[in-house]
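Read through the structure below, which is laid out as C-alpha cells, and then see the notes.
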Amino acid sequence: MPPSAAPAGDRAAQGPRPEPRHDFRTAEPRWQAEWERRGCFAVPDVPPPGARKYYVLEMFPYPSGKIHMGHVRNYTLGDVVARYKRARGHLVMHPMGWDAFGLPAENAARERGIHPGRWTYDNIAAMRAELKRMGLSLDWAREFATCDPEYYGQQQRLFLDFWKAGLVERKESWVNWDPVDQTVLANEQVIDGRGWRSGAPVEKKKLAQWFFRITRYAEDLLAALDGLDRWPERVKLMQANWIGRSEGARVRFRLAEAVADIAEVEVFTTRPDTLFGMSFLALAAEHPLAQAVAARDPKAAEFIAECRRMGTSEAAIEQAEKRGHDTGLRVAHPFLEGVTFPVWIANFVLMEYGTGAIFGCPGHDQRDLEFARKYGLSVLPVVLPPGADPARFTIGEEAYVEDGTIFNSGFLDGLSVPEAKRRVVEALERTGQGEGVVNWRLRDWGVSRQRYWGCPIPVIHCEGCGAVPVPEDRLPVLLPEDVDFSRPGNPLDHHPRWKHVDCPRCGRPARRETDTFDTFVDSSWYFARFCSPRAPVPVTREAVDAWLPVDQYIGGIEHAILHLLYSRFFARAMRDTGHLALAEPFAGLFTQGMVTHESYRAADGRWLYPEEVEIVTAPDGSRGAVEKATRAPATIGRVEAMSKSKRNTVDPGAIIERYGADTARWFILSDNPPERDMEWTEAGVAGAFRFTQRLWRMTALALPSLPPPGTPPGDAAGAARRLRQATHRTIAAVTEALEGFAFNVAVARIHEFANAIAEAEGADCAAARREALETITRLAAPMMPHLAEELWSMLRPGEARLVAELPWPEADPALLKADTLTIAVQVLGRLRGTIEVPAGATEAEVLAAAEAEPNVQRALAGRPIRKRIHVPGRIVNFVV
RNA sequence: GCGGUCGUGGCGGAAUGGUAGACGCGCCAGCUUGAGGUGCUGGUGGGGGCAACCCCGUGGAAGUUCGAAUCUUCUCGACCGCACCA
C-alpha cells in the first residue's frame, strides 16, 4: 500500500498519532462536481462579441474500453493548455469525442459474438467515466461518437458535396486479399506474407474503389506547410517528403516488337541525365505490359504471382530481396540508333509511383546496381566524380550518386548533372520521345473499406444509370442492426435485404454500395463538427467561422503524416464546397512522445505485468525482480512502449485510485519534455504523490500564522523580500515554461519555489508567505487542479471564485530584478572564479572586480591581459 | 530500403554560443517517529589533494570561436513512420 490519505479504518490501524493529510479521494470528486455545477468549461457555439476564443483539441480516442497512459499524457497536456489559456482570459473550447468506427469492434463481434455497436457504446461509457475522474476541463455537452448516425449522416452529406465538386472518383486499385477468409486485409494483418487469422498466403487483388482526389491539392498542401509556423519542423518535413514533389522526365521507349497492342513503355525518372548509362528497363508486376507478357508466358505469370504474395506495403516491397524476370522483350534507346535493352519485371518497382516502369542505370542508383549485379546486366558509368580519370573510373559495389561531369553520353559529354538534365529533356521534347514533368509521390486517397463497422458510402449502383448518389432526403444511409458475423466476408454484402433498393434515378432494382469509409475519413473533420455538434448540417458557418482554426492541437507523432494530411485535405475540400472559410485546420500542433515502461519476464519466458513483480535492490545497488506469486527470480527487460503483448502496461484507473488524478497528472508532466518518450516508474509516481502532500501540509501548517486574506505584502526587506522575489520570478518562469510547452521545467520551478517558501522563516515573512502560498497554488492549478481548489479554499475561505475562475498571476517587474549579480570569471575560457556585483555596476567596475578576484589573479599569473570579453550580467573572459 | 527524430551523472532531465548537471528519482549519512514505502537536514559526475584548489567530462572523431552540450563535417547507436491499425 502506498502512503495515502487512507480511509478512516486504515488510519486507525496506523496508530494513535494520525497526521492530517490531503484526502484526494473525497476532494477530487467534490471539485469535479463543483466545476460541473458552475459550468466552468461550457462555451457557446457562437462566442459573444469581443471574446478572445481559443480552441484546444487533443486527438480523440478510439474507444477500446480502457484509457491507457498515452491518453492520460495526451489529455493532461491539453488540459494544462486549456486551463492556462482560460486563466489568461481566453474563451476556451475544449471538447471530447470518440473515434468509434473501426476493425476492433468487428473482431470483437467475430470472436465473442458481441454486436459492434453494443461493444463500442459500452466501451465509450467506461472510458468516459475514467476520463471524468482525471478532472479534465472539458465541455462534455459537445461530446459525440463518429458512429452516431447524427455524425456519420452528415459525413455522407459531405461526401456527396465533394462528389459534386469533382473531388471524388471511382477507380481500380490493388488490395491485400485473403483467399480463405474472403476478405481484404489491412497491412498490419499481413504477417510474413500470410493472413493473420487464416495463415493463407496473401494475394494482391484489383478492386473498384472510391477515392478522394487529394492529389488535386498536392501543390497547395506542400506550399502551405511554410505558413504553419506553430507546427514542429519535423512534421512539416515528413509531410513534404510524403507529398514528394520531384522534377524529372517522362521518357517513352519503343518496344522492338509490340505485345498485344502495346508498342511503347512510358518511364518516369528523376535522373534523365543518366539515360546513356541505361542497362535495362524494369516493370512493376501490375504493369499492363507485364500482364500482357504473362498472358503468353507461364514463367512470367508465375513470377508475377509470386510478387503478388508480397503484400502491398511499401516497406515490405522495398525490403524484399531484389528479384526479376527477363521478359525477352527489348526496347530501343531514344538516342542511340540500333541499341536495345532488355525488359524485366522486377519486384522493387512500384506501380503506384510514377508510371510503374523505370529505366535501370546501375552506375548511379544503388537498387539498380544490386539488380544488375545479380542478373549479370551491364554497368556503364556516365557521371564522372570530380578529379577522377575517365579512362580508369569504374563502378564497384557502390553506385555513384553524387555530382560530377557527364561522360560516355554522346551529346551530353562534359556537361554538369543539372545542365545535362535540361539538355536531355529538350532533346526528348524535340523528338517527341518524352517531356519534362513534375511528379508527385502523393497518391489519391482510397476510402473504400469492405467492412461493416464504418460509415456507409451513400451510393446506389444501377445497371442502367451507373453509380448514383443517394438523394439528400434519404440520408442518412443507416447501418443495419441485424448482421451476421459467422460467415467470412463483408456482412453488409451478404445481408439478405439491406443492399437491395430501387435506383433513385430510374426506379429499377439496384443495389447499395456495400463498402464503408476508411475511418480516417471520420477523423478528418471531427474538429469542425465540435463547433456545432448537434447541427442538422455538417457544420454551421457562424460556429466554424468563429472557432476555427484549432489553436492548439495535441496528439501522437504517429499521426504526423496521414491523419494530419487528410484533415488538411478535408479543410480544403470543405472550403471549396462552402462549408468552411479556411484551408488549414490546425494553427498550432504539438506532438507528444510515447509512454514507456520496463518489461519483465518470468524464468519460463512469460511476460509479467509490473504489479506481478517485486523490485529488489541488491547490496551492490543493482536492481533485480522477483515474481510475487512464485518468489522465483524474473528478468528485467528493456524499457519500451507500453503494449499489451509485452504486458508492460500500467492501468491509469488503478493509479488514480491509489494516488489520485493530481498525482498522475503531476508525474506525467514532471518526468521529461512532453515531445519525448517518457518512462513510467513507480518511484516517480510516489515522488509526485509526496509533493502533492507536501504542498498541502505546507499550506495547512502555515495557515494559523498567516495574516488575513488580502493583506498587502508591502515593501519587505531581508528574508521577506527574498521570498517575494522568488514568488515573482517563479510567476515569470512558470509562465514562460507553460507558453513553451516545457511543462517539466514548470514543475521544476514550482519545486524550487516550494523549497524557497519552506526556507523563508520568521514572523516578518508572514504577509510574503501568504502571497507565496496563494501564488504557488495558482501556478500549480493547471497541472493539479483539484489540489489547487482545495488549497485555495483553505487560504481564502468564503471566496466566491474558484481557482478555475481566476485570472493568471502577474509578475511585478520591480521584483524580478536581482539586487546583485553573480558573474562568472574565466581565464582563457576556463572558469576561475565568480564575483558578486551590484545590479547597476558599470563595465569598468565589473572588469576591475573580476581581475581582482584572488583565484583569477593566480590563474593570470602576472601575464599581460590581451583581451577582455564582458557579457553583461553573465561572464567575463580574460585572454592572456 | 526510403523518410524522420533522439543520444548529457546510477536514472528522467536543465542549460540552444557564456558558471554543465537546475529540479526530481535513486543512493549515503544524521535527526524525528513506538513503528515506517513517514517527515526534516546534509551529501551525491569521475580522478588527484589534508586543504586552498587542479585535471578530465555532454555517444565517438575532427573543425569554427576568447568561449561549444549548443554551430559545421564525418561516424556509431537507439527509436518512430511508410498509404487498409487507430
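Numbers restart at 1 for each chain; the letters A, B, ... are given by sequence-line order, proteins then strands.
Between Arg451(A) and the phosphate of C85(B), there is no side-chain N or O to OP1/OP2 separation shorter than 4.0 Å.
The aromatic rings of Trp666(A) and His751(A) are tilted relative to each other, their planes meeting at an angle between 30° and 60°.
Regarding the sugar-base torsion, G9(B) falls in the syn class, its angle being within 90° of 0.
Nucleotides U58(B) and U19(B) have their C1' atoms positioned 16 Å apart, rounded to a whole Å. Nucleotides C27(B) and G34(B) have their P atoms positioned 24 Å apart, rounded to a whole Å. The gap from the C1' atom of G60(B) to that of A69(B) amounts to 14 Å, rounded to the nearest Å.
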For nucleotides 6-19 of chain B, 5' to 3', base contacts (B), sugar-phosphate-only contacts (S) and non-contacts (-) with protein non-hydrogen atoms under 4.0 Å give -S----BSS---BB
5' to 3', nucleotides 40-48 of chain B under a 4.0 Å protein heavy-atom cut-off (B base, S sugar-phosphate only, - none) gives S--------
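Trp196(A) and Asp178(A) are not linked by any side-chain donor-acceptor pair at a separation below 3.5 angstrom, with hydrogens and angles left out of the test.
Candidate nucleotides G37(B), G24(B), C82(B) were compared by shortest atom distance to the side chain of Tyr659(A), and G37(B) ranks first. Of the candidates C84(B), C23(B), C25(B), C23(B) carries the atom nearest the His751(A) side chain, counting heavy atoms from C-beta on. Checking U5(B), C84(B), G26(B) against every side-chain atom of Asn176(A), the shortest atom distance belongs to C84(B).
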